[in-house]
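Comments concern the structure below.
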Amino acid sequence: MARVSEEFLLLQSGYLFPEVARRIRAWQEKNPGEDVLRLSIGNTTEAITPVIAEAMHHEIDLLSDRKTYTGYGDEQGNTELREAIAAHYRNEYGVDLPVSSFFISDGAKSDAANIQSIFSRSSIPAVQDPSYPVYVDSSVAGGHTGCYDTKREAYNGIVYMPSDAASGFVQTPPKEHADIIYLCFPNNPTGAVATKEQLKAFVDYAHREKAVIIFDSAYSDYISTPGIPHSIYEIEGAEDCAIEIGSFSKNAGFTGVRLGWSIVPEALESDNAPRGTFHRIWNRRQCTFFNGASNISQAGGLAALSGAGRKECMSLVNYYKGNAAIIAEGIKSLGMESYGGVDSPYIWLRCPDGLSSWEFFDLLLEKAHVAVTPGSGFGHCGEGFVRISSYGHREDIERAVEALKEKL
Ligand code: PLP
């Protein structure tokens, strides 16, 4: 008799966003004809920009002619695109890594989850609290944890790295040993960014503990504060102990187009195999289980990295950052306590009057018809906060902020 994966069975049901959607639907059924102003999911809303759209149209023309048609590409991605990403790291961050370190994918979420498979099942994961839920769930599904402890409301076998307002929601390395450390800066959900010194503490920890950092830089283009690193490889020595995951979703608007990359340097060390083995195994994994990202997406990605493409992407990023500034200003005028929203599309708002995340979610929906995301869905330390997303049309953001100002 076939058996379902025991690891998947350990996953707690009620993933955050379906529950948010369920409550919005229930509210709409009770309030027919009323609009919900959505500041909840981190989904982009603005059109693909001209240079990128043109490149994808052109790729479709090539595919439509048998003389220029192409089928499968390299599993690791188009060489030209890998070279362009490597050049982007070199020119914008001063990070010089061989092109062979870069692997093109269909997005950062898949990479963040799939990368688990190249680690021994005995590896102990560490996650930021609060954090993007994929890191925890993929650690559980990948067999790196024990079962869920309902008393602690946490998985056995995961090291949770707590954070609070006093630390600016930037964690410090754990006291315990961990083997895989997930870090995300600019952070989803808190919008926090880490300084070089703060990241260096994690690189030092990784060297000391022979651990590997998985650095999710999906929002790096939102950083405008001088001196804040965009890549973990801006920290000396990170090449030996860090993997980085990037995305075209939040700067080029590729949430639906799908394109990302991972960086697994040949210098990356492990405890039980020669240097370079993680790189070789990731390459092996991609060649075996993945047939490459769409050639249309890759053409778009290449255009996004051209001079004109970069300008367009940054104007898209600045549009969402403009939304974030409008939200932050509105919240400030209400005298509420908030974080993030400067180097990030997310604003992290403390619930007033000691309300829990879900209580405040319900109150915002009921009173202002505004939907946000409860912070508790991202981990224990998220309780008492909500995440406000700046992804939306400007006019909708303005309406939502007006509603908050009027009804709260
Ligand atoms: N990483 C973080 C931190 C995210 O917030 C998201 C999406 O919201 C992703 C990765 C997913 O990126 P992609 O669309 O490239 O899969």
Side-chain angles (χ1 to χ4, degrees), residues 15-18 20-21 38-46 48 52 77 81 85 102-116 125 127-139 161 163 169-171 181-194 213-223 230-232 243-263 286 290 292-294 297-298 300-301 304-305 313 316-317 320 324 340-341 343-348 372-373 375 377-379 382 387-392:
Y15 180 70
L16 177 61
F17 294 106
V20 168
R38 287 167 203 263
L39 301 180
S40 43
I41 300 188
N43 204 356
T44 48
T45 55
E46 302 311 298
I48 299 288
I52 301 171
L81 178 58
I85 300 176
F102 293 80
F103 296 83
I104 309 301
S105 72
D106 62 354
K109 190 175 189 176
S110 329
D111 280 336
N114 292 335
I115 200 79
Q116 292 276 350
V127 297
Q128 293 168 286
D129 185 1
S131 76
Y132 181 50
V134 176
Y135 314 141
V136 169
D137 283 3
S138 62
S139 298
M161 300 183 284
S163 65
F169 295 98
V170 178
Q171 292 74 6
I181 306 145
Y182 273 104
L183 290 181
C184 172
F185 289 113
N187 187 263
N188 176 11
T190 65
V193 287
I213 295 168
I214 298 173
F215 190 77
D216 186 337
S217 67
Y219 298 94
S220 62
D221 267 345
Y222 287 75
I223 297 173
H230 291 66
S231 162
I232 190 72
I243 286 170
E244 184 159 305
I245 287 166
S247 174
F248 287 90
S249 283
K250 306 299 167 83
N251 59 356
F254 276 23
T255 41
V257 174
R258 311 304 305 142
L259 194 67
W261 67 90
S262 59
I263 306 173
Q286 294 300 79
F290 185 58
S294 145
S297 309
Q298 294 194 75
L305 290 166
C313 286
L316 207 50
V317 164
Y320 295 122
D343 296 305
S344 157
Y346 299 121
I347 288 152
W348 190 236
V372 294
T373 306
F378 297 98
R387 187 195 75 175
I388 303 187
S389 164
S390 67
Y391 291 109

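Just so you know, ligand 1 is whichever comes first in the structure, and atom 1 is the first atom listed for that ligand. Any value given below was found using the heavy atoms of this structure, including those in side chains, with hydrogens, waters and symmetry copies removed. Residues take their numbers from the sequence shown, with the count starting at 1.
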- What do you reckon, are the aromatic ring centroids of F290 and F103 less than 6.0 Å apart? no
- Item | Parallel, tilted or perpendicular: ring planes of F185 versus F215, cut at 30 and 60 degrees | tilted
- Query: Of I347, I388, T373, which is the lone residue that meets side chain to side chain contact (heavy atoms under 4.5 Å, CB included) with L39?
  - Reply: I388
- Query: Do S217 and S231 have side-chain atoms, one donor and one acceptor, less than 3.5 Å apart?
  - Reply: no
- Task: Under the side chain to side chain contact (heavy atoms under 4.5 Å, CB included) rule, what do L81 and L259 come out as? Steps first, then yes or no, please.
- Result: CA-CA 11 Å; L81 178 58; L259 194 67; 4.2 Å; yes
Contacts table for ligand 1: protein N or O within a distance under 3.5 Å of ligand N or O, distances only.
{"from": "ligand 1", "atom 1": "1 (N)", "to": "D216", "atom 2": "OD1", "distance (Å)": "3.4"}
{"from": "ligand 1", "atom 1": "1 (N)", "to": "D216", "atom 2": "OD2", "distance (Å)": "2.6"}
{"from": "ligand 1", "atom 1": "5 (O)", "to": "N188", "atom 2": "ND2", "distance (Å)": "2.7"}
{"from": "ligand 1", "atom 1": "5 (O)", "to": "Y219", "atom 2": "OH", "distance (Å)": "2.6"}
{"from": "ligand 1", "atom 1": "8 (O)", "to": "Y219", "atom 2": "OH", "distance (Å)": "3.2"}
{"from": "ligand 1", "atom 1": "8 (O)", "to": "K250", "atom 2": "NZ", "distance (Å)": "2.7"}
{"from": "ligand 1", "atom 1": "14 (O)", "to": "S249", "atom 2": "OG", "distance (Å)": "2.6"}
{"from": "ligand 1", "atom 1": "14 (O)", "to": "R258", "atom 2": "NH1", "distance (Å)": "2.9"}
{"from": "ligand 1", "atom 1": "15 (O)", "to": "A108", "atom 2": "N", "distance (Å)": "2.7"}
{"from": "ligand 1", "atom 1": "15 (O)", "to": "S247", "atom 2": "OG", "distance (Å)": "2.7"}
{"from": "ligand 1", "atom 1": "15 (O)", "to": "S249", "atom 2": "OG", "distance (Å)": "3.3"}
{"from": "ligand 1", "atom 1": "16 (O)", "to": "A108", "atom 2": "N", "distance (Å)": "3.2"}
{"from": "ligand 1", "atom 1": "16 (O)", "to": "K109", "atom 2": "N", "distance (Å)": "2.9"}
{"from": "ligand 1", "atom 1": "16 (O)", "to": "R258", "atom 2": "NH2", "distance (Å)": "2.7"}

- Message: Taking side chain to side chain donor-acceptor pair (under 3.5 Å) as the definition, give me every residue that meets it alongside Q286, ordered by chain and number, with sequence neighbours left out.
- Response: none
